Amino acid sequence: QVHMVESGGGLVQAGDSLRLSCVPSEGTFTYYTRGWFRQAPGKEREFVAAIRWSGINSRYADSVKGRFTISRDNATDTVSLQMNSLKPEDTAVYYCAATTASSPSRWYTKENYSYWGQGTQVTVSS
């Protein structure tokens, strides 16, 4: 079954940076919107960022605006999440996902994504 494969998580200190990457297990997702979600212990999975297939449009959760940057390389089918100025509250499992939804208003809802990864742990110590 096709799924996303995340990498790049780890343990860092507050203020540090991390870069997450995601590729599909097979096939091509060039024309899919790609997104990142995260889930902290005891909390719902929440939207972090998403980017249109063209790379022109992107959206961010308010909690990460100005600190996180989503990007994609369609030549390698890779989507990345550059996370700067990390905070302890960013600690979570980060999931990569893909959707055919073209309207940015639909990118915030996890139910609109058809393909998911297993997640990568990001832990930020204070």
Side-chain angles (χ1 to χ4, degrees):
Q1 187 174 0
V2 178
H3 58 278
M4 300 293 117
V5 181
E6 304 95 340
S7 61
L11 171 63
V12 297
Q13 293 187 331
D16 285 350
S17 298
L18 270 179
R19 186 175 181 88
L20 305 182
S21 295
C22 170
V23 295
S25 61
E26 61 182 279
T28 59
F29 283 74
T30 302
Y31 297 106
Y32 281 72
T33 292
R34 306 278 289 277
W36 288 95
F37 286 74
R38 67 186 182 186
Q39 188 167 16
K43 293 189 176 182
E44 292 283 323
R45 190 172 299 188
E46 65 176 6
F47 172 80
V48 175
I51 187 168
R52 191 183 295 281
W53 70 269
S54 61
I56 294 178
N57 299 93
S58 59
R59 293 291 187 272
Y60 296 90
D62 289 343
S63 59
V64 307
K65 279 181 183 176
R67 299 188 299 121
F68 291 11
T69 302
I70 189 171
S71 60
R72 65 188 297 162
D73 180 351
N74 287 339
T76 60
D77 234 352
T78 301
V79 64
S80 300
L81 186 68
Q82 178 66 41
M83 305 185 294
N84 299 330
S85 303
L86 282 161
K87 304 175 181 180
E89 49 264 45
D90 294 319
T91 295
V93 177
Y94 283 71
Y95 297 90
C96 175
T99 177
T100 56
S102 58
S103 171
S105 64
R106 301 190 66 199
W107 295 354
Y108 299 87
T109 305
K110 61 183 182 296
E111 286 77 10
N112 291 330
Y113 290 76
S114 302
Y115 299 93
W116 289 88
Q118 296 298 310
T120 185
Q121 177 70 47
V122 173
T123 303
V124 185
S125 64
S126 58

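When a residue number appears, it is its place in the shown sequence, counting from 1. Given the structure is predicted, the values throughout are model-derived calculations rather than measurements.
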List for me each residue that meets side-chain contact (heavy atoms from CB on, under 4.5 Å) alongside [X], sequence neighbours excluded, and say none if there are none.
{"X": "V5", "value": "H3, V23, S25"}
{"X": "T76", "value": "D73, T78"}
{"X": "S7", "value": "S21"}
{"X": "Y108", "value": "F47, R59"}

Quick check: are there more than 12 heavy atoms from other residues, nucleotides or ligands sitting under 6.0 Å from CZ of R67? yes
With a 6.0 Å cut-off (strictly less than), is the heavy-atom count around CD of E89, excluding the residue itself, greater than 12? yes
Give a yes-or-no answer on whether the side chains of T30 and T28 include a donor-acceptor pair shorter than 3.5 Å. no
I need the full list of salt bridge (charged side-chain N to carboxylate O under 4.0 Å, His left out) pairs touching residues 117-126, with sequence neighbours left out, sorted by first then second residue. none
Which residue pairs pass the salt bridge (charged side-chain N to carboxylate O under 4.0 Å, His left out) test with at least one member in residues 2-29, sequence neighbours excluded? none
Joint cluster assignment, I51 & M83, ILVMFWY side-chain distance < 4.5 Å: yes
Can you get from I70 to L18 by hopping between Ile, Leu, Val, Met, Phe, Trp and Tyr side chains that sit under 4.5 Å apart? yes
Side chain to side chain, F29 and V79, heavy atoms closer than 4.5 Å: no
Just so I know, are the side chains of F68 and L86 near enough to count as touching, which here means a heavy-atom distance under 4.5 Å? yes
[X] versus [Y], closest heavy-atom pair with distance:
{"X": "Y60", "Y": "A49", "value": "CD2-CB, 3.6 Å"}
{"X": "S85", "Y": "S17", "value": "N-OG, 4.3 Å"}
{"X": "Y113", "Y": "A50", "value": "OH-CB, 3.7 Å"}

Would you say Y115's side chain and C96's backbone share a donor-acceptor pair under 3.5 angstrom? no
Hydrophobic cluster of W53, others only, ordered by chain and residue number, side-chain cut-off 4.5 Å: Y31
Would you list the atom pairs, donor with acceptor, under 3.5 Å between side chains in residues 32-40 and any protein atom, with sequence neighbours excluded?
unit_1, atom_1, unit_2, atom_2, d
T33, OG1, A101, O, 3.3
R34, NH1, D77, O, 3.3
R34, NH2, C22, O, 3.3
R34, NH2, D77, O, 3.2
R38, NE, E46, OE2, 2.7
R38, NH1, D90, OD1, 2.9
R38, NH1, Y94, OH, 2.9
R38, NH2, E46, OE2, 3.3
R38, NH2, S63, OG, 3.4
Q39, OE1, R45, NE, 3.4
Q39, NE2, K43, O, 3.1

Salt bridge (Lys or Arg N to Asp or Glu O under 4.0 Å) filter on E44, not counting sequence neighbours, yields K110
Distance (rounded to the nearest 0.5 Å) between [X] [atom1] and [Y] [atom2]:
{"X": "R52", "Y": "T99", "atom1": "CZ", "atom2": "OG1", "value": "11.0 Å"}
{"X": "N57", "Y": "S102", "atom1": "CG", "atom2": "OG", "value": "10.5 Å"}
{"X": "L20", "Y": "Q82", "atom1": "CG", "atom2": "CD", "value": "9.0 Å"}

Report all side-chain donor-acceptor pairs from residues 119-126 shorter than 3.5 Å, counting only partners two or more places apart or in another chain.
unit_1, atom_1, unit_2, atom_2, d
T120, OG1, G9, N, 3.2
Q121, NE2, A92, O, 3.4
Q121, NE2, T123, OG1, 3.2
S125, OG, V12, O, 3.3

Could you give all pairs that pass the disulfide bond (SG atoms under 2.5 Å apart) test and reach residues 62-94, with sequence neighbours left out? none
Contact list for residues 38-92, test disulfide bond (SG atoms under 2.5 Å apart), sequence neighbours left out: none
